[in-house]
There are 2 protein chains.
Amino acid sequence: MPRSTPAPRTGRPRSAAADAAILAATREALVELGWSRLTLGDVALRAGVAKTTLYRRWPGKNELVVDAVAELFDELELPDRGSLAADIEGVVLRFAAILARPEARSGLMAVVAESTLDATLRERIRTSIVERQKRLVREGKARAQRRGELPPDPDPEAADRSVDLIFDVVAGAVVHRSLVSAGPVDEVWVRDLTALLLAGLGSGPAGR
Amino acid sequence: MPRSTPAPRTGRPRSAAADAAILAATREALVELGWSRLTLGDVALRAGVAKTTLYRRWPGKNELVVDAVAELFDELELPDRGSLAADIEGVVLRFAAILARPEARSGLMAVVAESTLDATLRERIRTSIVERQKRLVREGKARAQRRGELPPDPDPEAADRSVDLIFDVVAGAVVHRSLVSAGPVDEVWVRDLTALLLAGLGSGPAGR
DNA sequence: ATGGTTACGCTACGACTCGTAGCGAAAGCC
DNA sequence: GGCTTTCGCTACGAGTCGTAGCGTAACCAT
């Protein structure tokens with residue numbers, strides 16, 4: 001989904017294969033070069049298309065990288081493992097696996113950095129990535145409430161706030177752990193995180 | 001601290017004022033241009049020094065920005081407000097205030113993104129920023145344990161894991177909330193976050 | 001088929017930034 | 001005063017940027 005095309009009814013249609021090739025080439029370049037040394041000319045070369053074709057579809061490097069990275073997160077799913085704790089551990093491990101890939105690491109943080117001065121880009125990130133993955137939190141929460149592991153929400157407004165908060169805490173913690181602290185997101189860490197989320201600080205990381 | 005100078009005993013000494021001017025100019029340029037459009041030539045011009053002087057002190061843009069941003073977080077302190085919950089709320093609000101500044105937003109995320117392909121830069125970030133601010137968690141935790149709000153740690157190894165986890169969860173949540181989700185870190189959100197940290201998911205955001 | 005319309009590949013362009021080299025002058029220690 | 005290092009300045013080749021112009025290719029409507 002490069003951009004919202006007004007869908008012209010006539011003329012030569014845009015090649016869908018070119019889209020896929022460009023996004024794949026972008027991820028490949030992210031792995032080898034990182035964000036700063038990635039150039040659109042290089043991406044065009046890898047994808048086997050002309051540089052001008054690239055500029056016809058995306059406004060610039062930032063938007064291209066957002067679309068290339070967003071595809072990575074669409075494969076996320078919430079496995080039903082029978083309990084809230086197990087569900088959380090499962091999805092966090094999958095999320096961490098995606099974040100371990102270099103194209104996700106360098107691409108995601110770079111566009112977030114760029115979005116601080118570009119409201120349009122920020123909105124693109126929000127709709128393409130953030131809002132899209134909140135479905136995981138909603139699903140996991142509803143599942144836990146059906147199981148009786150979580151109390152029902154007092155009102156819809158509080159429910160929304162709860163979803164937003166959980167999403168920021170979980171996603172933020174995993175991102176910070178793997179990208180900033182540069183520590184492993186392994187089973188030990190995930191178990192500690194889940195314990196903290198479920199029971200709070202009082203229990204401590206060793207208690208379980 | 002541009003870099004570890006071997007401290008030559010002879011010759012003209014490096015101007016300390018130039019260091020400060022360069023770092024301040026870097027932050028100023030980050031505000032106006034963001035990371036990608038920031039050029040070292042422009043920073044040198046703003047700081048009133050020659051471009052060559054800049055290259056003599058820092059290897060490149062990444063290292064310069066790390067140092068410029070690291071200074072911002074040194075002003076963080078942990079106010080003693082009498083309870084663990086109040087302490088957390090206080091430091092989170094201060095942290096968010098720093099993250100609200102454009103020079104911190106764009107600079108921090110950009111260098112984190114760059115560090116994914118540069119182990120040296122990653123280490124520089126870890127020592128200059130991350131490890132330095134973990135003191136807040138250690139202090140807050142020790143204080144709460146003295147008050148009896150938190151149980152003592154079973155062993156030093158578990159204590160370290162606990163500090164790392166709390167730091168990633170708190171810092172990650174605040175960063176994710178303000179930079180990725182682009183939501184406000186206000187008193188309402190901080191209260192919900194603190195409640196989640198202390199009591200876990202069971203209580204919900206409305207319970208307090 | 002034929003003509004209309006749009007996408008495509010290709011080439012070329014001026015403007016800009018990069019990081020480095022070389023120079024003479026300035027600033028501090030012996 | 002003599003030595004050493006930093007400083008400001010200028011200049012340089014290399015590389016990237018985003019755009020314009022052109023002829024060709026692909027699809028739709030008649």
Side-chain angles (χ1 to χ4, degrees), chain A residues 1-26 29-30 32-65 110-111 114 117-118 120-121, chain B residues 1-26 28-30 32-65 106 110-111 114 117-118 120-121:
Chain A
M1 305 130 191
R3 50 173 310 209
S4 56
T5 47
R9 312 198 163 282
T10 176
R12 174 176 176 175
R14 288 191 170 173
S15 160
D19 267 6
I22 290 172
L23 291 176
T26 303
L30 276 175
E32 296 179 20
L33 305 172
W35 187 86
S36 63
R37 287 183 300 174
L38 178 149
T39 70
L40 293 200
D42 185 53
V43 170
L45 197 66
R46 291 171 190 262
V49 302
K51 194 171 61 163
T52 43
T53 297
L54 230 154
Y55 278 103
R56 281 188 196 103
R57 305 188 182 201
W58 283 275
K61 180 155 96 161
N62 291 332
E63 292 81 2
L64 173 62
V65 172
V111 294
E114 290 300 306
L117 279 182
D118 185 340
T120 306
L121 183 63
Chain B
M1 304 139 186
R3 49 174 310 208
S4 54
T5 49
R9 313 198 164 282
T10 174
R12 175 176 177 175
R14 288 191 171 173
S15 162
D19 267 6
I22 290 172
L23 291 176
T26 302
E28 187 185 311
L30 276 175
E32 296 179 22
L33 305 173
W35 188 85
S36 63
R37 288 183 299 173
L38 179 149
T39 71
L40 294 199
D42 184 53
V43 169
L45 196 66
R46 290 171 190 263
V49 303
K51 193 172 62 164
T52 43
T53 297
L54 229 155
Y55 277 102
R56 281 190 197 102
R57 305 188 181 201
W58 282 275
K61 180 154 97 160
N62 290 331
E63 292 80 3
L64 173 62
V65 171
S106 43
V111 293
E114 291 299 306
L117 279 181
D118 184 341
T120 308
L121 184 63

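Since this is a predicted model, take the numbers as computed values, not measurements. Lettering follows sequence order; numbering is per chain, from 1.
Applying the side chain to side chain contact (heavy atoms under 4.5 Å, CB included) criterion to A:Thr52, with sequence neighbours excluded, gives A:Ala50, A:Arg56. With sequence neighbours left out, the side chain to side chain contact (heavy atoms under 4.5 Å, CB included) criterion links B:Thr120 to B:Asp118. With sequence neighbours excluded, the residues that form a side chain to side chain contact (heavy atoms under 4.5 Å, CB included) with A:Arg46 are A:Ala25, A:Glu28, A:Ala29, A:Glu32, A:Leu33, A:Asp42.
For the atom pair CD1 (B:Ile22) and CG (B:Leu64), the distance works out to 7.5 Å, reported to the nearest 0.5 Å. With rounding to the nearest 0.5 angstrom, the OG atom of A:Ser15 is 8.0 Å from the CZ atom of A:Arg12. Interatomic distance, CG of A:Leu45 versus CG of A:Leu54, reported as 11.5 Å (0.5 Å rounding).
The minimum heavy-atom distance between B:Lys61 and B:Leu38, with the atom names listed, is NZ-O, 2.9 Å. Between B:Ser36 and A:Glu114, the shortest heavy-atom contact is OG-OE1, 2.8 Å. The minimum heavy-atom distance linking B:Ala18 with B:Val49 is given by the pair CB-CG1, 4.3 Å.
Per the geometry, CG belonging to B:Leu54 stands 17 Å off P belonging to C:dA21, to the nearest Å. Straight-line distance from the CZ atom of A:Arg57 to the P atom of C:dT6: 16 Å, rounded to whole Å. The nearest whole Å value for the distance from the CH2 atom in B:Trp58 to the C1' atom in C:dG19 is 17 Å. Rounded to whole Å, the distance from CZ on B:Arg56 to C1' on C:dA26 is 13 Å. With rounding to whole Å, A:Arg14 atom CZ is found 5 Å from C:dA7 atom P.
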Atom pairs under 3.5 Å: protein N/O with N/O of nucleotides 25-29 of chain D:
unit_1: D:dA25; atom_1: N3; unit_2: A:Arg12; atom_2: NH1; d: 3.2
unit_1: D:dA26; atom_1: O4'; unit_2: A:Arg12; atom_2: NE; d: 3.4

What are the atom names and distances for every N/O pair under 3.5 Å that joins the protein to nucleotides 16-19 of chain D?
unit_1: D:dG18; atom_1: OP2; unit_2: A:Tyr55; atom_2: OH; d: 2.4
unit_1: D:dG18; atom_1: N7; unit_2: A:Lys51; atom_2: NZ; d: 3.2
unit_1: D:dG18; atom_1: O6; unit_2: A:Lys51; atom_2: NZ; d: 3.1

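Between B:Asn62 and B:Trp35, the closest side-chain pair of non-hydrogen atoms falls below 4.5 Å. No side-chain heavy atom of A:Trp58 sits under 4.5 Å from any side-chain heavy atom of A:Leu40.
Between the two ends of the helix from C:dA1-D:dT30 to C:dC30-D:dG1, each summarised by a five-pair axis, the helix axis turns through 30° (rounded to 10 degrees).
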